[in-house]
Amino acid sequence: MAKKAQTKKPAVEEKTVVAAHVAPAGSDKRPVKEKAKEKAAKVAEKVEAAVSKAGEKAEKVAAKAEKKVAEVVKKVEEKAAPVVKKAEAKKAEKPAESTKAAKAEKVVKEAAAKVADKVGKAVDKVADKAEKAAEKAVESKAAVKVAKAVKAAEEKIDVKPVEKQYKKKILFVTAEALPYVKTGGLGDVAAALPKALVKEGYDVRVVLPLYFNIPDKFRTTMQYLGCCYVSLAWRYQYCGVFTQKYDGVTYYFLDNEYYFKRNGLYGHYDDAERFAFFSKAALEALPIMDFTPDIIHCHDWHSGLTPVYLDVYYRNVPNCKNARTVFTIHNIQFQGKYGNEICDDILGLPADKKSLVQYQNCINFMKGAIECSNKVTTVSPTYANEILNSYYSFGLQDILGARKYKLSGIINGIDVDTNNPATDKALFKNYDKDTVADKAANKKGLQQMLNLNQNPNVPVIGMVTRLTEQKGMELIANVFEEILSKGVQMVVLGSGDWKYESLLKDMQKRFPDKLRAVLGFSGDLASKIYAGADIFLMPSKFEPCGLSQMISMRYGTIPIVRETGGLKDTVVPYNGVTKEGTGFTFYSYNAHDMLYAIERAVGLYYDYKDDWKQLMRNAMSQDFSWDNICKQYIALYENL
């Protein structure tokens, strides 16, 4: 990528701080503040003297101009006097010529008046110039005096400009972030959380690889900051540093075309080397970024080696020697597991530090992050407990159990501006909590668009999902016909495993008036399903956080979820007595338990319309905004 001109850093807020000095022995021991006041008084006296002097000069110029006018007028009168006298004599001798004399006298006087008027204007102009020159002289002299005095005062009392004060400086190290690149929920979090923290007064920067996949509209407007070289065992690799500001957040992009000029973010044969480079380069480039973070927040295995390299190699570097580290597990299934041989050939760790990344007879990037980070978080409180169990941990239960004291869970938020039924342009009709009756227009539009019977009284069950076992498709497959026999219509949007795609195609042929399956993904159709469905089904086998259930509640569509991970933390089971709750839940990963939850929801929809409307209002009243969620991260950061 071509280098671009480095731009100036944004001007810092112009504040000053006065640092007191201890006076040396034998010097004037008066308080520094008193000395400064005395100096300021002297400056004021000098400025006043300059003003007075300039005023005197202006008065002299004006007097000189008036004198010149008087002289001109006198000369005119002297030249006119003989003419007037001669005219009067002729008038006395020849009365008949008196009229001509009078006219001559009048002409002379008018000429004299015109001359006097022109001279007067000239004098006024000279006087104005003199006045402006005097003012300019005063300003210039005063400015020079004041500047000298200020400089002297700064040297005397040590006045220092300071940068804008932030609560803390935080560096996010992530493999993806919107709007640049995204493959999953990590991209949403790495964009939304920094934006929310900036609103709270934190200085947040985000660093990610400069992928080939980043759109040109962003790449062409990035600014080049500089470059450094990163050592990986025997390698010495170039790293260019680019920057761009988006939504109030500063982003940095680490450039190495050998590693990142490829199609796709992950799945390459040398991913271990690529992301070892990225993890280390994020620290190596800090001086170029001119950033000294208080906290370095790393996300998933791609940046898992950053806390390791920080402790092993960078604790004596000024830009990060005092930094605390946080590591967030978004998807524990992908841990960055490789053979032991890469420790010497790629990672370049000393022999006594290899144990930081060794786990169960292999190299594990995520294990290294858990070992070295000050705090480890995952994306919901329930999931933080679940991953201590081998059923959910994908083998990491031992290290997580040993480091349980640093583990906690914070649910993700959603973008409430994008996911807003009041403004979403994809909807057939916008609505909010107070106009929820307009949601019916979206149901009708969805049924019509997908060629389903337009019956407002039949509940529509929606799904926007990956068609995988993890998302509960196994449960649906076991009781699919029973679900469709409950007097419902069903709309599914997604793609995934071939066997589940084939199942949906077959079921749609068998039940054309009850099921529509759209294989693939469309953001427009997803919004229409969130708004047009009455019920949202999400029976996940495990779900670290989940976003769809929160989006569905935002649109007033009631979720049915299994009590796992973030689903349990965000959906409150409906209580028919108190009318509290936001959806329906089931605990066991069992198809008929799921079916019973669906029956309860459908029964409430058909038989208790007022209660269903109240349940919709309950769901739409939940606050899953990042502005709210980020407060939990703030509490975490402030306790580090």
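All values derive from a computational prediction rather than experimental measurement.
- Between N453 and V458 the shortest side-chain heavy-atom distance does not fall below 4.5 Å.
- With salt bridges taken as basic N to acidic carboxylate O contacts below 4.0 Å, none links D506 and K509.
- In terms of heavy-atom proximity, K541 sits nearest to Y391 at CE-OH, 3.2 Å.
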Side chains of residues 606-613: which donor-acceptor partners sit under 3.5 Å, not counting sequence neighbours?
residue	atom	partner	partner atom	Å
Y606	OH	G487	O	2.7
K609	NZ	Y605	O	3.2
D611	OD2	K579	NZ	3.0

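- With contacts defined as side-chain heavy-atom distances shorter than 4.5 Å, the pair F212/N263 qualifies.
- Within the 4.5 Å cutoff, side-chain heavy atoms of V488 are placed close to those of V602.
- With D432 contributing its side chain and T435 its backbone, the two residues share a donor-acceptor pair below 3.5 Å.
- At least one side-chain heavy atom of Q333 sits less than 4.5 Å from a side-chain heavy atom of F542.
- For the atom pair D300 CG and Q335 CD, the distance stands at 10.5 Å (nearest 0.5 Å).
- Between the CD1 atom in I560 and the CE atom in M594 there is a gap of 9.0 Å [rounded to 0.5 Å].
- Summarising the local packing, NZ of K337 is surrounded by 12 or fewer heavy atoms from other residues, nucleotides or ligands at distances under 6.0 Å.
- Checked options F278, F365, Y266; the residue passing with H302 is Y266 (criterion: ring pair (Phe, Tyr, Trp, His ring centres under 6.0 Å)).
- Here the side chains of F291 and D203 are in contact, with some heavy-atom distance below 4.5 Å.
- The two atoms that bring F586 and A597 nearest to each other are CD2-CB, 4.1 Å, heavy atoms only.
- Sorted by first and then second residue, the side chain to side chain donor-acceptor pair (under 3.5 Å) pairs involving residues 511-522 (not counting sequence neighbours) form an empty list.
- Formation of a donor-acceptor pair under 3.5 Å by the D255 side chain with backbone atoms of V241 is not found in this model.
- Using modelled atom types, no side-chain atom of R205 and backbone atom of T250 make a donor-acceptor pair closer than 3.5 Å.
- Looking at S408, its side chain never comes within 3.5 Å of a backbone N or O of T377 through a donor-acceptor pair.
- Ion pairing between E543 and K568 fails under the 4.0 Å rule for side-chain N and carboxylate O.
- To the nearest 0.5 Å, atom OH of residue Y252 and atom CG of residue L254 are 11.0 Å apart.
- Counting heavy atoms of neighbouring residues, nucleotides and ligands inside a 6.0 Å radius, atom NZ of K486 exceeds 12 of them.
- T557 places a side-chain heavy atom less than 4.5 Å from the side chain of K439.
- Among residues two or more places apart in sequence or in another chain, the side chain to side chain donor-acceptor pair (under 3.5 Å) test is passed with T468 by none.
- Under 4.0 Å is where a charged nitrogen must lie from a carboxylate oxygen, and between D294 and K168 no such pair does.
- For the pair K528 and F428, the cation sits on the ring face: its NZ or CZ lies under 6.0 Å from the ring centre, inside 45° of the axis.
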